[in-house]
Every structure is written in structure tokens, then in C-alpha cells.
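Below is one structure, written out as C-alpha cells; the observations come after it.
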Amino acid sequence: MPMSNAFKERLFPDLEQIADHFGTPFHIYDEAGILETGRQLKEAFAGIDGFQEYYAVKALPNLKILELMKQLGFGFDCSSIAELIMARQVGAEPMEIMFTSNNTDQEEFDAALKDGGCILNLDDISLIDKVPNPFPELICFRYNPGPRRTGNIIIGNPVEAKYGVTHEQVIEAYRRARQRGAKRFGLHTMVASNERDYSYMVETARMLLEIAALVESELDIRFEFLNIGGGFGIPYRPEDKELDIRSMSREITELFNTFKREHGYAPRMVMESGRWMTGPHGVLVTRAINHKDTYRKYVGVDACMSSLMRPALYEAYHHIDILNGADRPHEVVDVVGSLCENNDKFAVQRELPRVEDGDLLVIHDTGAHGHAMGFQYNGRLRPQELLLRGDGRVELIRRAETLEDYFATQNFKADSFTPAK
Ligand SMILES: *Cc1c(COP(=O)(O)O)cnc(C)c1O
């Protein structure tokens with residue numbers, strides 16, 4: 001199922017009151033659900049020494065959410081300066097920050113390496129010489145298996161992905177990093193997105209262990225950690241099956257144990273899940289404000305794709321509940337926002353209980369890659385974010401954008417320049 005029954009039971013009885021108090025639209029996240037999922041993950045991988053999740057900050061970059069991750073003992077996977085700042089603001093230690101950028105510039109390297117630094121995860125062999133001195137003692141590379149691995153449907157074919165060093169470059173990458181002064185090593189890959197077939201992740205772990213053995217035999221390097229990336233899928237549709245995290249962790253643990261028997265040591269395993277950690281624990285709540293009956297029936301709501309891009313970007317399915325509407329007769333509608341783009345739709349030709357103006361619509365699974373992807377096109381502003389605490393309190397954790405915010409980048413001291421002829 002998409003949103004859990006437990007989350008519904010915590011949220012739905014009070015939702016009308018919450019909407020009246022804060023106004024709509026908003027994303028609301030479920031603290032109890034996030035903490036529970038985090039504990040489940042730690043328990044599943046307890047058999048691997050030093051297992052660590054680095055939460056992918058881009059999925060839900062809100063400080064209050066990152067505080068929950070810190071509370072769980074998780075680190076942070078960052079790929080921009082803003083994300084580094086957020087991780088440090090919630091108290092992440094250098095070794096709790098993985099900087100997985102790509103097409104990295106000097107300013108990003110400087111930001112990553114200051115304030116105690118972080119784990120630098122390099123995307124390309126050409127970046128080795130661009131890392132400023134002193135070269136970090138611990139270095140990691142992102143590995144792209146290319147034709148050795150068929151990508152999953154969502155992330156596409158590794159050969160076409162801009163990320164990572166190739167199989168042919170991987171030995172040279174570690175050799176050159178060692179020449180520059182690296183003494184400790186990690187290895188990373190990310191080859192799946194929203195993958196619910198657990199065996200794909202087991203194959204990823206197997207692949208990294210093979211590369212670790214290869215690099216060890218060529219360069220006599222022992223890896224400190226292997227990072228299998230994120231990409232763990234969630235069921236967006238009611239009929240979708242959940243990722244079998246128990247079977248996944250059991251089989252991956254076995255692979256690490258086998259490696260340990262054969263090599264006398266095993267690297268730690270880390271991951272950087274975003275979607276699986278928080279996706280199901282957030283919903284977008286929006287009110288129906290208009291109805292339209294033309295070639296199709298339309299329900300117009302007070303949110304638009306500035307709150308949730310996934311349907312427009314990927315034709316992604318997000319399940320929708322109508323608060324207190326389950327028993328009504330059904331009709332087929334498009335649920336739309338007010339952006340001047342015809343893909344500004346939360347649902348297309350969806351059978352839903354009949355919606356009345358004023359109804360609250362609950363759009364599921366917006367706890368990852370939801371608010372974070374929003375933009376301001378058409379002058380449509382990004383909505384507020386709320387956090388439903390375990391004790392029933394509701395906290396505003398990001399205010400809605402205002403017109404003042406929107407115009408801020410055009411308010412500046414006059415500056416003009418005439419190039420010399
Ligand atoms: C986006 C991303 C993640 C998180 O992906 P999810 O699908 O949210 O788990 C992890 N690592 C890297 C490098 C990413 O770009």
C-alpha cells in the first residue's frame with residue numbers, strides 16, 4: 001500500500017482542523033513513521049559490522065527531518081553546498097557526510113573539505129587532480145558498471161548515465177588517488193532508482209565486492225567501506241509489492257560474510273537511501289477549489305506542480321484519497337493545478353470518489369522528491385511543510401514562499417557594465 005494505515009489513523013481524524021489552522025496546501029510528514037522505518041533499516045542490517053545509512057538529503061532537505069536522521073544515528077549523502085551546510089547544521093561529523101557530487105567545481109571541493117571535511121566521493125578520474133591540497137586521507141569513487149549491468153527501468157542504462165568512473169578506469173583511479181596521498185578507500189555505486197526487486201540490490205552488493213577484490217589484487221588496497229547507493233523503491237500504487245528488505249539484508253549479509261571468510265576482512269557496508277526512508281511518510285494536502293466539465297471532467301485544487309513535480313516529470317502515479325469521501329459514487333477525473341502547462345496534473349483519468357469544492361485531497365507518498373523538486377515557474381510559489389510529531393503536535397517546519405521571496409532576486413543595487421571596445 002502507499003500511505004500506511006497507521007499514518008492515516010494518526011492524521012485523518014485531525015486533518016480538517018490542521019488544514020483550518022495552517023491553511024492549504026501543505027506537505028505533512030509523519031515523525032513516528034520515519035523513526036520506525038529508520039529502526040527497521042538498522043535492525044535489518046545489524047548483521048553487518050559498522051552498517052551505516054547516509055540519508056540522501058536531496059529527497060527531503062528540511063532541517064527538522066535531518067534532525068530525525070541524526071537522532072537515528074544516520075549520516076548524510078550530500079551533493080551540493082547547500083546540502084553540506086544543512087548536514088553540518090544538524091551536527092553531522094565529518095565521517096557522517098558523504099559528498100557525492102558530479103561535474104564538481106572548485107567552490108564545491110572547498111566547501112566539502114572545510115569544517116573538518118567529509119568523505120569525498122569522486123565522480124570522475126579527471127577530478128583527482130582538481131581536489132585541493134591537502135588531498136584527503138579517505139577517498140571514494142563512484143563506479144559505473146556500464147554494459148556489465150543492465151540498469152533498472154527508472155534510472156536507465158548505465159552506459160548512458162553521466163555518473164561514475166568506468167570499469168576500465170577503476171584501477172587507475174585508485175592508483176592515482178593513492179599517488180596523491182590517499183590512504184583509506186571507499187567504493188560507491190548507484191545503479192537503480194525506485195527499484196522494488198530486492199535481488200537487484202543484492203547483485204549491486206555482489207558487484208561491489210567483486211570490484212573490491214579486483215582492486216585489492218591489483219593495488220593491494222583494502223576497502224574500508226562499500227556504498228551500494230540509494231534507489232530502494234516504494235509501492236506508489238495500491239497493487240505494488242513492497243521491497244523485501246529482510247530478504248535483501250539477509251542475502252547481502254551472507255555475501256559480506258563470505259567475503260570475510262575468503263579475504264580475512266570485510267569492508268563496512270553503507271547505503272544512501274532517500275525515497276525508501278521518507279517517501280511514504282509524507283503527503284500533500286490540497287483543497288478542491290473548482291470543477292470543470294468539458295471534454296473531460298476536471299477537479300481543480302489549490303496546489304500545483306510547484307508542490308510536486310513527479311507526475312509531470314515522470315508521469316508518476318500518486319495515490320489520492322478524498323478525506324471523508326470514500327463512500328461516495330465514483331467518477332473519472334483529471335486532478336489539476338493552475339499552472340499554464342497541460343501536464344500540471346496530479347492525476348489523469350483517475351477514478352475517484354466524487355469531489356466537492358472544499359474537499360481535502362490527500363496525495364500520497366510525497367515524503368521524498370516531493371517539495372524538494374518544486375520550482376517557481378509561472379510565479380507559482382512553493383508550499384509550507386508541516387511535521388506531525390509522535391505526540392500529536394503539528395509543527396510548521398518550513399513556511400510557504402511569499403511574493404517577497406519571489407521578487408527578492410530582482411531587488412538589488414543597480415549594476416550595469418559596458419564592455420570595453
Ligand atoms: C538521488 C540519490 C540517492 C537517493 O536516491 P533514492 O532513490 O531517493 O533512494 C542516493 N545517492 C545518490 C548519489 C543520489 O543521486
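Read the numbers this way: they start at 1 and go in the same order the structure lists the ligands and their atoms. Throughout, numbering of the chain's residues begins at 1 and tracks the sequence.
A ring-centre distance under 6.0 Å is found for Tyr236 and His318.
Counting only distance, with no hydrogens or angles, the side chain of Thr278 and the backbone of His281 share no donor-acceptor pair below 3.5 Å. Looking at Asp321, its side chain never comes within 3.5 Å of a backbone N or O of Leu323 through a donor-acceptor pair.
Protein residues with any heavy atom under 4.0 Å from ligand 1: Ala56, Lys58, Asp77, Thr100, Arg142, Met190, Gly230, Gly231, Glu272, Ser273, Gly274, Arg275, His369.
Ion pairing between Asp344 and Arg380 fails under the 4.0 Å rule for side-chain N and carboxylate O.
Using bins of under 30°, 30° to 60° and over 60° for the plane-to-plane angle, the ring pair Phe45/Phe51 lands in the parallel bin.
Contacts of Tyr265 classified as ring pair (Phe, Tyr, Trp, His ring centres under 6.0 Å), with partners at least two apart in sequence or in another chain: Phe259.
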